[in-house]
Novice: 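The structure under discussion is supplied below as C-alpha cells; questions concerning it will follow.
Each chain gets a letter, A, B and so on, in the order the sequences are listed, and its residues count up from 1. Note that these values count all heavy atoms, side chains included, but never hydrogens, waters or copies made by symmetry.
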Amino acid sequence: MDYFLELFFSGLTRGSIYALIALGYTMVYGIIELINFAHGEIYMIGAFVGLTVAGVLTSFGFPATSIMVLASMAAIVYAAAYGYTLEKIAYRPLRSAPRLSPLISAIGMSIFLQNYVMLAQTSDFISFPSLTPEFAFLDKYSSTIGSSDFLIIVVAAVVMVLLTLFIKFTRMGKAMRATAQNRKMAMLVGVNVDQVISVTFIVGSSLAAVGGVLIASHIGQINFFIGFIAGIKAFTAAVLGGIGSVPGAMLGGLILGWTESFCTGYVSSDYEDVFAFALLVIILIFRPSGLLGKAPIQKV
Amino acid sequence: MEGLKKSLLVSLWFMFLTLPIVGVFVNTIDDVVIWRLERVLYVGICTFFLSFLWRFMISKKEAGAKRDEETGEEQISAFGKILANPSFYYPLLAGVLVFALLFPQLFSMYQVNIMISALIYVVLGLGLNIVVGLAGLLDLGYVAFYAVGAYSYALMNLYWGVNFWVALPIGALLGALCGIILGFPVLRLRGDYLAIVTLGFGEIIRLVLENWGDFTHGPSGIANIPRPDFFGLFTGLSNSIHFMYYLMIVLVIFTIFIVNRLKNSRIGRAWQALREDEIACQAMGIDKVKTKLMAFSIGATWAGLVGVVFAAKTSFINPASFTFLESAIILSIVVLGGMGSILGVILGALVLMLLPEYLRAFSEYRMLVFGATMVLVMVFRPQGLVRDVRKKIDIAAVRKALGGANE
C-alpha cells in the first residue's frame with residue numbers, strides 16, 4: 001500500500017506539472033488553432049530566469065523565503081514577456097497565412113530559443129538550488145510524499161482554480177471564450193482580438209514558468225533541452241484531455257502523470273514513454289476528440 | 001522621428017528580455033555570479049537597427065499583399081516567369097542535370113558526402129509531400145518510416161547477411177506496411193489529433209529501437225553496415241561514395257517522375273479533393289479509407305527506401321538519428337519549399353540541408369541562424385519559396401471550344 005501511495009503521489013506531482021504546461025498549449029490552441037511548439041522553450045526559459053535571479057539574490061545575501069518568492073515572480077514575469085514577444089514576432093504576421101506556416105515558424109522559434117539559451121548560458125546541466133521550504137508536518141509521511149511534491153501539488157491546484165475563476169468570471173475571460181468560439185463574431189461585437197491573443201500567450205507562458213521553477217527546484221538540475229521533452233509530454237496531455245478544453249488539459253495531465261508513474265513502478269522504467277503514447281493512441285481511437293473535447297459539428 | 005522612438009523602445013525591450021539569460025551567468029557549484037552586461041548592450045544595439053529593417057520588410061510585404069488584392073491576381077516573380085517559358089526551362093533543366101552529373105568530379109569527397117545527405121532529404125521531402133502536401137494529412141512522425149528502412153537493412157545484414165540490393169525493396173515494402181499499420185487507427189482523426197498520434201508513433205518506434213537491446217543493440221547502434229556492391233565494381237572508399245551519389249541522383253529523378261505522375265493521376269486528384277473537403281469528396285464517391293491508406297503507405301515507401309540508402313551511406317546507425325527533430329526538419333522542407341510544389345520541395349531540401357553545413361563558419365551559431373531563418377522565411381513568404389501552381393480550367397474557353405452548344 002505504501003508503495004502504491006508513493007507512486008500515486010509521484011504521479012500526481014508529475015501530472016500537475018504536465019497539466020500546468022498543457023494549459024498553455026490548450027489555451028493558445030483554443031484561440032488561434034496553433035500548436036505552439038515553442039511553449040516548452042518558454043517553460044525552460046522560466047526555469048533559467050528563476051535560476052539566475054535566485055543566484056544573484058543569494059550572492060546579495062537575501063533570506064531563503066524571499067529568494068523563493070522573488071525568483072518565482074521574476075520567472076513568471078520573464079516567461080510572460082517572452083511569450084508576448086514570441087507571439088508578436090513569429091505568429092502575428094502569419095495570422096492570415098496557410099495553416100501549416102505558423103507551425104513551421106513555431107518549430108523554428110523552438111530551435112532558435114534552445115540555441116539562444118545554450119549559447120548564452122551553457123550546454124551542461126546546471127544544478128538548481130532547492131527553493132522549497134521543508135514542511136515539518138510532512139515528516140511522518142516522508143516515505144510517500146516529500147515537501148517539494150506537496151508544494152507542487154498545492155501550487156498547481158491553486159493556480160488551476162485561479163485560472164478557472166479568471167476564465168469564468170472576468171471580462172477578459174469572457175472575451176477569451178468568445179474569441180475561442182468564433183473569432184470573427186467576437187470582433188464584430190467589439191472584442192479586441194489582438195489583445196485577447198496577447199493575454200492568452202501571457203497567461204499560458206506564466207503557467208509554464210510556474211511549472212518550470214517548481215519542477216527545476218524539485219529535480220535539482222536544468223539544461224537548455226528540458227523544454228523539448230516536457231513540451232511534447234504536455235502537448236500529449238492536452239490532446240488526451242481534448243485540445244482547446246481547459247479542464248481537459250488538467251485531466252489529461254493527471255492521467256498522463258499517473259500512467260507514467262504506475263507503469264514505471266509496476267512494469268518497467270525503460271518503456272515509460274511508450275506507455276504514455278500508447279495510452280494516447282488507444283484513447284484517441286475510441287474518443288477521436290480527446291476525453292473532454294467536443295467533436296466539431298460539420299455543416300455541409 | 002516616430003521610427004526612431006519605436007526602435008529605441010524595441011531595443012530597450014530586448015535588453016530587458018535578454019538581461020537574466022545573456023547578462024548573468026550563475027555558477028551554482030562555486031556560488032559565483034558572473035556579470036556580462038556588455039553583451040546585453042550589444043543585443044540592444046543590434047535590435048535597434050534590426051527593428052528598422054523589420055518594419056521596412058513588413059511594410060513592403062503588406063504593400064505587396066494589397067497590390068495582389070487590388071489587381072485580383074497573384075504577382076508572379078521574375079523567376080516564376082522564366083520557369084513558365086519552355087525555351088528557358090529546358091536549357092535550365094539540362095544545365096542542372098549536367099552540373100549534377102559532373103558534381104563529384106568538380107568537388108571534394110566532403111562536398112559529395114554532404115550532397116548525398118541533401119539528396120536523401122530531397123527524396124524524404126518529396127515522400128512527405130505526398131502525405132502532407134497532396135493529401136493534407138499532417139504527419140509529425142515521418143522519420144519512423146525512415147528508421148524502419150534503415151534498421152531493416154542493418155538488421156537483415158547483421159543476422160542474415162542480406163545485401164543492399166535485396167534490402168532496398170524489402171525496406172520500401174516494410175515502410176509501406178508500417179504506413180498502413182499507422183494509417184488504420186488514425187483514419188477517424190483529423191488535423192492536429194492526427195499530428196500528435198503520428199508524433200507518438202514515431203517516438204514509440206524510436207523508443208523500441210532504443211530499449212530492445214538484445215535485438216537492435218540499443219542506443220549504441222549498429223556499426224559496419226556494408227556499402228552497396230555493384231558486381232564488384234566501384235571498390236574503395238572514394239569510388240563507392242561516387243557510386244552512392246549517382247545512385248541517389250537516379251533515385252531522385254525516379255521519385256520526381258513518379259510523384260509528378262501521381263499528382264495528376266486519379267488517386268492524386270482524390271488526395272487533393274480529400275484535402276480540400278472530406279465530406280464533399282465522399283459524396284463524389286471516393287473511398288476515404290482506401291485513399292488515406294494509400295497516401296500513408298506510398299509516402300512511407302519513399303522513407304523506407306531512402307532509409308536503406310542512409311544506412312548504407314553512413315555505415316552506422318543508432319536511434320539518435322531518428323528523433324522528432326528530424327521529422328520536424330523534413331516537414332519544414334515541405335512547408336518552407338512550398339507545399340505541393342515539387343520544385344519547391346527540392347529547393348527547400350537543398351537550402352535546409354546545405355545551409356547548416358556551409359554555416360559551419362559560424363560554428364556554434366549555426367543552429368541559431370537556422371531557427372531564425374525558418375521563422376523569417378515563414379513570416380515573409382508564408383506560402384513557401386515556390387508557390388504550387390494549381391491547374392486551372394478556363395470555363396469560358398471550354399464553352400467557346402464546344403461552340404456554345406451548352407448555352
Novice: For the OH atom of A:Tyr91 and the CE atom of B:Met378, what is their distance to the nearest 0.5 Å?
Specialist: 13.0 Å
Novice: If every non-hydrogen atom of B:Ile21 is compared with every non-hydrogen atom of A:Phe48, which pair is closest and at what distance?
Specialist: CD1-CB, 3.9 Å
Novice: In terms of ring plane angle, is the pair A:Tyr78 and B:Phe16 parallel, tilted or perpendicular, where the classes change at 30° and 60°?
Specialist: parallel
Novice: More than 12 foreign heavy atoms under 6.0 Å from CZ of B:Phe380: is that the case here?
Specialist: yes
Novice: Could you tell me which of A:Val77, A:Thr85, A:Ile126, A:Val281 has the largest number of non-hydrogen atom pairs under 4.5 Å with chain B?
Specialist: A:Thr85
Novice: Can you say whether A:Leu113 sits under 4.5 Å from chain B via the side chain, the backbone, both, or neither, judging by heavy atoms?
Specialist: neither
Novice: Hey, is the main chain of A:Ala120 close enough, under 3.5 Å, to the side chain of B:Arg36 for a donor-acceptor pair?
Specialist: yes
Novice: For B:Val24, does its backbone N or O pair with a side-chain atom of A:Gln121 as donor and acceptor, under 3.5 Å?
Specialist: yes
Novice: Nearest 0.5 Å, please: how far is CD1 in A:Ile111 from OG in B:Ser332?
Specialist: 6.5 Å
Novice: Grab the two heavy atoms, one from B:Val375 and one from A:Ala90, that are nearest each other, plus how far apart they are.
Specialist: CG1-CB, 4.1 Å
Novice: Checking side-chain contact (heavy atoms from CB on, under 4.5 Å) for the pair A:Thr52/B:Val33: CA distance, chi angles, key distance, verdict?
Specialist: CA-CA 9 Å; A:Thr52 48; B:Val33 177; over 6 Å; no
Novice: So how far is it from B:Leu138 CG to A:Leu103 CG, rounded to the nearest 0.5 Å?
Specialist: 6.0 Å
Novice: Measure from the side-chain N and O atoms of A:Tyr116 to the backbone N and O of B:Leu368, and report whether any donor-acceptor pair falls under 3.5 Å.
Specialist: no
Novice: Using heavy-atom distances under 4.5 Å, tell me whether B:Leu182 contacts chain A through its side chain, its backbone, both, or neither.
Specialist: neither
